[in-house]
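Input: a single structure, listed below in structure tokens.
All values below come from the heavy atoms of this structure, side chains included, with hydrogens, waters and symmetry mates left out. Counting starts at 1 for both ligands and their atoms, following the listed order. We number each residue from 1, following the sequence as shown.
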Amino acid sequence: MTEFRAIRIDKGDHGHHADYVVMRARDLMAGDVDIDVAFSAINYKDGLAVTGKGAVVRRFPMIPGVDLAGRVTRSAHPDFAPGDIVVGAGCGLGEAHYGGFAQKARLSGDWLVKLPPLLTMAQAMAVGTAGLTAMFCVMALERHGARPEDGLAAVTGAAGGVGSFAVALLAKAGWRVAAVTGRAAEADYLKRLGASEIIGREEFAAPGKPLQKQHFAVGVDTVGGLALANLLAQTRFDGAIAACGNAGGMELPANLAPFILRGVALLGVESVRPRIALRRAAWRRIAQTLDPVAIDAMSEIIPFDAALERARSVVDGKIRGRIVIDMGLNLPPGDAE
Ligand code: NDP
């Protein structure tokens, strides 16, 4: 296949523009591994990239898509050979390097892992950056020393991609989980993932006192802004919040009181840098912990033709769980190893 389809973002005299294009292999950026991309997924960041609502893209033109899974067709990297089924997530894909919204990718093998056993490519994309980030949050809380017997765990933006995985992973690790959501209609979905209670987003939306009633031992925050400030104010002595997202704002209108009067810890989590050992550990744990049926329940598979419109709508916060893109290559779905 010398020609392939992609979504490309251009920025020029006519402003920011994203559309489907046909490209050639020689148009790809440099890298030591070539991949036929079978599946990708839509992340919040991809929504920001295609709409131009956030400063995500660091060079133009750009192929968005921070996640991809596919089959290696050429490799000069010692860890991979043609035929390997691989997964890439984060590492600058869709931001600084052409990403997964294309039927072909050329990238550094240092950013790839082999498809984790037990998962299909579509399931690995249902996990993708969202699931990895949720797993990194849980691991950060564990490194802090938090244990399920400490009390209740909160997850904000619970019905979103990162939030859904955070609910499921915390519940599987033995935590009682309070899911904070703006969508009461998703209560049953969140309970099926393992939430033991549902809290309305509005309870976290208004400015509150610096120290409030202590509800939560830990939390995973995907929203930022006032939601994070209120979460910190409701965290118990020596508790910890893993903050990874800004779906509700980049500001942190918080007070020092939770930190210096209750010893609350704010743990920052980012999933972009390669740190391959941490990634492999996170993928292993996700594959061992989460039932593939549960992963399927969190995701919807759409054709590549629908991807641009759905990516545009992700920034409205209306998407439940994960959207996986079938790139239309019809590679065998199986697990690789
Ligand atoms: P999604 O769009 O899937 O989910 C975001 C969720 O946040 C929504 O479903 C909604 O949940 C809630 N939400 C949306 N808008 C608002 C608002 N204005 N106020 C309060 N809540 C809101 O996104 P992802 O799960 O993919 O990503 C979540 C966040 O995490 C994003 O900010 C993303 O950029 C960030 N992220 C960060 C990473 C990192 O490396 N640090 C990696 C991956 C993601 P509900 O309907 O349940 O209320």
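Contact shell of ligand 1 (protein heavy atoms, cutoff 4.0 Å): Tyr44, Thr129, Thr133, Gly157, Ala158, Ala159, Gly160, Gly161, Val162, Thr181, Gly182, Arg183, Arg201, Thr222, Val223, Cys244, Gly245, Asn246, Ala247, Gly248, Val269, Glu270, Ser271, Val314, Gly317.
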Scan the side chains in residues 218-227 for donor-acceptor partners under 3.5 Å anywhere in the protein, sequence neighbours excluded, and list what turns up.
unit_1	atom_1	unit_2	atom_2	d
Asp221	OD1	Thr156	OG1	2.6
Asp221	OD1	Val223	N	3.3
Asp221	OD2	Gly224	N	2.8
Thr222	OG1	Thr156	O	2.9

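Residues forming a salt bridge (charged side-chain N to carboxylate O under 4.0 Å, His left out) with Arg8 (at least two apart in sequence, or on another chain): Asp10.
Residue Leu107 is tested with Val86, Leu93, Leu28 for a side-chain contact (heavy atoms from CB on, under 4.5 Å); the sole match is Leu93.
Screening residues 15-35 for salt bridge (Lys or Arg N to Asp or Glu O under 4.0 Å) gives Glu3-Arg24, Asp34-Arg74, Asp34-Arg106 as the qualifying pairs, with residues at least two apart or on separate chains.
The CD1 atom of Ile301 sits 8.5 Å away from atom CD of Gln123, with the distance rounded to the nearest 0.5 Å.
Here Asp238 does not pair with Arg262 in a salt bridge; the nearest charged N to carboxylate O distance is not below 4.0 Å.
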